[in-house]
Amino acid sequence: MSILWKFLILMTALGALLSSCGQSVDDSSATRLIYNQVGYIAHGPKLALVAEDVDEFVLLDADGQEVFRASAAAPQYWEASGDTVRKVDFTEWEQAGNYTVQLPGFSKTYDLVIESRPYHELSKAAIKSYYLNRTSMPIEAAYAGEWARAAGHPDTVVYIHASAADDQRPEGTVISSPLGWYDAGDYNKYVVNSGISTYTMLRALKDYPLYYAGLDLNIPESGSGIPDLLSETLFNLRWVLSMQDPNDGGVYHKLTTKQFEGFVMPDGAVNDRYVVAKSTAATLNYAALASAAYRVLSGYEEQLPGLSDSCLTRAEIAWDWAMKHPEEIYEQPEDIATGAYGDDHLEDEWFWAATELYLATGSDRYLKVIKEKYQKPQVPSWNQVRLLGVYSLMDFYDELTADLINLSIKEDFLKLADDLVAISERSPYGISIQEFAWGSSSQVANEGMIKLFAHQLTGEASYLESALSDLDYILGRNATGFCLVTGFGNQRVMNIHHRPSGADGVADPVPGFLVGGPNLAVLTDCGPDVERSPYPAKSYVDLECSYSTNEIAINWNAPLVYLAGGIDALMAR
């Protein structure tokens with residue numbers, strides 16, 4: 001090698017060394033800040049995460065002037081994400097505004113918002129997504145803007161499937177079962193999943209009535225005299241009520257095509273629709289939901305005459321069917337390939353249904369089942385609904401019988417909430433989730449809902465602060481770097497597994513949907529050429545094919561409705 005080449009190599013190395021000793025490096029593609037991309041509440045807790053090699057966090061105002069500086073905490077490694085992060089607490093800065101975050105020593109900057117109510121539009125969008133996912137009616141431009149579309153699936157001609165046939169309704173009988181929401185990224189409707197979803201919406205209204213009374217969603221029912229949240233919830237509840245066989249009280253498990261439709265618009269998905277198999281799980285979900293609806297709707301008798309009483313009557317008939325068919329477990333027929341929502345552990349459904357019927361009627365026959373089926377509550381999901389009954393019992397805790405008080409229901413619930421808060425306080429990411437199952441985002445949202453409910457029950461600030469940290473995670477402070485709600489954030493989810501969003505020709509997906517989020521449940525839904533992180537908290541791709549990480553679902557959005565709305569209601573100033 002010539003002396004000249006040796007000299008050039010030496011000078012290049014020296015230049016690199018001098019550059020690394022300066023105040024900034026070329027890191028324009030590196031992400032070293034993980035934060036809530038929608039915004040932080042001015043008078044609330046504020047937590048961001050920085051990479052291991054970042055020491056300080058600087059806020060610059062709109063004029064580029066430094067207004068706040070904080071040191072990063074000690075590095076923490078998280079096994080779920082495979083990375084090391086440092087927490088930055090900037091709670092003490094309470095001035096609302098649009099800021100730039102600078103990390104000294106690095107050139108990349110980040111936009112950050114602090115507002116008095118950063119989640120108000122998010123709260124509305126999370127509910128409005130249900131309107132945008134309605135069946136049986138056109139979604140009009142006056143309410144939907146560029147996501148307007150023609151009506152799909154009137155469901156006025158629905159066939160009795162062989163699995164659901166009996167003497168009074170033989171195979172091929174035509175029934176009508178309109179309304180309801182598309183359950184997920186497909187075009188079918190499922191009673192079991194509607195149970196937890198619709199109850200959670202009613203729960204939000206029950207817990208924050210004044211907030212939702214004043215929330216205008218700009219839907220066709222706005223201005224009707226009842227809260228828009230209730231109007232939207234009723235659109236699905238009325239469909240659920242139609243799924244009961246009027247002859248014997250049993251409830252069909254789902255309304256579906258035989259195969260999943262392709263990625264076409266709803267009005268182009270015209271294959272025959274069927275109600276499939278009555279099941280104990282669907283019937284108990286129906287009984288529980290209808291009983292809970294009875295209690296809520298009793299307050300709207302003038303606007304909705306007779307509906308609450310009809311719900312209770314139907315619920316009691318459904319209970320009677322379940323008592324006669326206590327183990328009618330759903331099994332997928334050979335010619336049906338859509339979502340199964342199979343559940344062969346029904347202790348929690350029995351508890352929830354008995355709880356709601358007891359609170360509605362006071363009958364001892366339900367009290368007996370409550371005591372037999374009670375177990376310590378868990379974070380809820382479509383197939384684990386015990387906590388829903390606990391929520392409802394807490395509404396009347398001071399009026400409960402000694403037998404119910406002695407079950408330690410309140411103590412067990414608060415122990416669950418305390419455990420979640422303790423986990424979040426130790427977590428490098430400031431959250432409670434430990435296992436990333438399919439739909440992990442909704443796990444985080446449900447954990448936040450538990451904490452908000454505990455805050456309402458006790459007034460303890462730690463529950464509210466931990467719930468807010470869960471919302472931070474959903475809105476960007478997570479290992480994927482994405483804001484996990486469509487239509488929001490700087491790094492946006494764009495390619496959701498949702499047929500209307502994939503077929504409508506609009507660049508942006510339908511807004512307000514919480515995507516399933518990272519997990520290792522299915523790694524091959526996009527084929528072998530798409531790589532996913534081996535770490536569960538990072539195993540996510542923003543691709544339409546990734547139904548395991550990027551699908552949407554009504555039961556995932558419902559706790560987001562509760563969490564975003566509850567925080568907006570409690571912390572608005």
Side-chain angles (χ1 to χ4, degrees), residues 45 80 196 199-200 203-204 206-208 288 292 345-356 358-359 367 369-437 439-474 555 558-559 562-563 566-567 570:
I196 186 172
Y199 173 87
T200 302
R203 182 82 253 166
K206 173 70 174 60
D207 291 346
Y208 304 100
H345 295 87
L346 303 181
E347 299 292 300
D348 52 306
E349 281 84 4
W350 281 108
F351 173 79
W352 181 32
T355 293
E356 301 295 351
Y358 174 72
L359 294 174
L367 180 61
V369 177
I370 293 173
K371 292 189 290 185
E372 288 177 354
K373 302 297 184 183
Y374 177 72
Q375 297 176 21
K376 291 183 179 180
Q378 303 168 248
V379 178
S381 61
W382 67 265
N383 60 352
Q384 177 48 255
V385 293
R386 181 173 290 105
L387 184 55
L388 309 189
V390 171
Y391 283 145
S392 292
L393 286 170
M394 292 300 98
D395 291 337
F396 301 92
Y397 187 77
D398 292 338
E399 304 168 28
L400 296 181
T401 65
D403 285 351
L404 291 179
I405 295 291
N406 290 337
L407 291 177
S408 301
I409 293 172
K410 185 175 182 179
E411 292 82 358
D412 289 345
F413 171 74
L414 290 176
K415 176 64 164 55
L416 172 62
D418 289 340
D419 288 347
L420 292 173
V421 170
I423 292 168
S424 69
E425 290 173 345
R426 297 191 301 267
S427 165
Y429 274 70
I431 54 173
S432 307
I433 187 171
Q434 294 180 287
E435 296 183 7
F436 286 78
S440 62
S441 299
S442 71
Q443 170 90 3
V444 175
N446 270 304
E447 290 175 354
M449 180 176 170
I450 289 169
K451 297 166 190 174
L452 275 192
F453 194 88
H455 172 72
Q456 291 283 75
L457 206 59
T458 66
E460 288 292 330
S462 60
Y463 296 128
L464 177 58
E465 292 171 2
S466 190
L468 184 56
S469 194
D470 290 324
L471 188 59
D472 283 346
Y473 169 94
I474 289 168
N555 64 308
Y562 189 101
L563 183 60
I567 289 174
L570 290 169

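All residue numbers in this chain count up from 1 along the given sequence. Scope of the values below: all heavy atoms of this structure, side chains included, with no hydrogens, waters or symmetry mates. What you are looking at is a predicted structure, and each value in this text was computed from that prediction instead of being measured.
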* What are the two closest non-hydrogen atoms of A80 and F436, and how far apart are they? -> CB-CE1, 4.0 Å
* To do: Indicate the atoms forming the closest heavy-atom contact of P377 with D412, along with that distance.
  => CD-CB, 3.8 Å
* To do: Apply side-chain contact (heavy atoms from CB on, under 4.5 Å) to T355 and L359, showing your working.
  => CA-CA 6 Å; T355 293; L359 294 174; 4.0 Å; yes
* For the student: nearest non-hydrogen atoms of I474 and S441, plus distance -> CD1-O, 4.2 Å
* E349 and R386, any side-chain heavy atoms less than 4.5 Å apart -> no
* Structure fact -> Taken to the nearest 0.5 Å, the spacing of K415 NZ from L420 CG works out to 10.0 Å
* Any side-chain donor near an acceptor of the partner, S432 and K451, under 3.5 Å -> yes
* To do: Grab the two heavy atoms, one from I196 and one from P380, that are nearest each other, plus how far apart they are.
  => CD1-CB, 4.0 Å
* To do: State, with a plain yes or no, whether a side-chain heavy atom of Y562 is found less than 4.5 Å away from one of Y208.
  => yes
* Does D395 reach the side chain of R203, with side-chain heavy atoms less than 4.5 Å apart? -> yes
* Can you say whether the rings of Y391 and F453 are parallel (under 30°), tilted (30 to 60°) or perpendicular (over 60°)? -> tilted
* Would you say the side-chain atoms of D418 and Y463 include a donor-acceptor pair closer than 3.5 Å? -> yes
* Structure fact -> For L468 and P45 the tightest heavy-atom approach is CD2-CD, 3.5 Å
* 4.5 Å side-chain heavy-atom contact, N555 and S381 -> no
* Asked: Any side-chain heavy atom of V379 within less than 4.5 Å of one from Q443?
  -> yes
* Tell me whether the centres of the aromatic rings in Y374 and F351 are closer together than 6.0 Å. => yes
* State, to 0.1 Å, how close E447 and I433 come at their nearest heavy-atom pair, and which atoms those are. => OE1-N, 3.1 Å
* **L414 side, atom CG; I409 side, atom CD1 - distance, nearest 0.5 Å** => 12.0 Å
* Determine whether the side chains of S466 and S424 contain a donor N or O and an acceptor N or O closer than 3.5 Å. => yes
* **Any side-chain heavy-atom pair of L452 and L570 under 4.5 Å** => yes
* Asked: Is a side-chain donor-acceptor pair under 3.5 Å present for Y199 with S392?
  -> yes
* Charged N to carboxylate O below 4.0 Å: is that the case for D398 and K410? -> no
* What's the spacing between L388 CG and D348 CG if we round to 0.5 Å? -> 9.0 Å
* **CG on L457 to OH on Y397, rounded to 0.5 Å** => 9.5 Å
* Asked: Quick one: are L404 and L367 in side-chain contact, heavy atoms under 4.5 Å?
  -> yes
* Drop me the distance from Q456's CD to M394's CE, to the nearest 0.5 angstrom. => 14.5 Å
* Could you grab the distance from atom CD1 of I431 to atom CG of D470, nearest 0.5 Å is fine? => 7.0 Å
* To do: Please tell me if the side chains of L387 and Q378 come closer than 4.5 Å, counting only heavy atoms from C-beta onward.
  => no
